[in-house]
Amino acid sequence: MVLGVIISVPRAEKLFLLVLSILALESAHSIRFFYRHFLSGITKKSLNAFYYACSYAKVDCSGFMNVTAKIALHLIPESLKSQPVFIRFAGIEISYYEQKTFWSLCSYMVRSCKGIEMMINLINITYCGMKLLSYQDEKFSDYRDKSVQDFRFALSECIRQQVFFCYFREKHRNPNK
């Protein structure tokens with residue numbers, strides 16, 4: 001069980017890696033792009049495994065939405081918990097504009113309609129996670145009022161540095177080197 005959503009561990013790992021690649025890459029046109037420029041360097045899973053995870057995953061994304069809403073509600077300060085809560089959702093035009101412009105949605109190439117739907121859901125989950133992270137972790141609090149792209153770029157840099165250091169450590173772990 002991942003985030004209150006029933007999903008197999010291998011499939012959850014593949015979807016997590018796709019979310020990580022969405023954050024790590026400046027632009028992405030397809031799952032193949034994710035694989036060539038990021039995933040193949042951090043996992044031994046095949047390209048087809050990621051296509052399969054998107055096209056045939058039986059994931060109810062409402063579970064992710066419920067968890068996201070719970071996290072957002074837990075961020076309300078104690079002094080305001082007795083007050084009515086109004087949650088502002090971005091309009092469809094704003095969401096579509098950001099997905100098309102900043103997340104390269106207009107360029108995605110996926111093998112099936114289900115895969116496209118899964119990629120849209122992964123992008124939305126990633127976006128919500130980014131927005132909440134700046135409120136959950138104080139070291140990212142400077143990004144609360146900055147653009148999504150600024151925060152995404154900063155996270156991208158952090159992810160790529162961590163991947164580099166892990167790769168470097170793993171390659172030089174051999175005592176003979």
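For this chain, numbers begin at 1 and follow the sequence in order.
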Euclidean distance, Y135 OH relative to S141 OG, rounded to 0.5 Å: 10.0 Å
For the residue pair F38 and I159, what are the closest heavy atoms and their distance? CZ-CG2, 3.9 Å
In this structure, CD of E13 is separated from CG of L18 (nearest 0.5 Å) by 11.0 Å
Quick check against the 3.5 Å criterion: does Y143 have a side-chain atom that pairs as donor or acceptor with the backbone of R152? no
For S156 and R160, which I'm curious about, is there any donor-acceptor pair between the side chains at under 3.5 Å? yes
Do F151 and K146 have side chains that get closer than 4.5 Å, going by heavy atoms? no
Kindly say whether L122 contributes a backbone atom to a donor-acceptor pair with the side chain of T126 at under 3.5 angstrom? yes
I'd like to check the ring pair (Phe, Tyr, Trp, His ring centres under 6.0 Å) partners of H74; sequence neighbours left out, ordered by chain and number. none
Supply the atom-to-atom distance F33 CZ to S21 OG, rounded to the nearest 0.5 angstrom. 10.0 Å
A side-chain contact here means heavy atoms from C-beta on lying under 4.5 Å apart; do M130 and F140 qualify? no
Could you tell me which non-hydrogen atom of Q136 sits nearest to which non-hydrogen atom of I71, and how far apart they are? NE2-CG2, 3.5 Å
Side-chain heavy atoms nearer than 4.5 Å, only ILVMFWY residues, links allowed to pass through others: does that put L25 and F153 together? no
Separation between CG (L39) and NZ (K14), nearest 0.5 Å, reads 12.0 Å
In Å and rounded to the nearest 0.5 Å, what is the CG to NZ distance from L73 to K70? 10.0 Å
Would you say the ring centers of F50 and F34 fall short of 6.0 Å from each other? no
When rounded to the nearest 0.5 angstrom, what is the spacing between OG in S82 and CD1 in I76? 10.5 Å
Quick one: which residue pairs count as a salt bridge (charged side-chain N to carboxylate O under 4.0 Å, His left out) with a foot in residues 129-141, not counting sequence neighbours? E138-R144
Closest non-hydrogen atoms of Y52 and R11, given as atom of the first, atom of the second and distance, are CE2-NH2, 3.2 Å
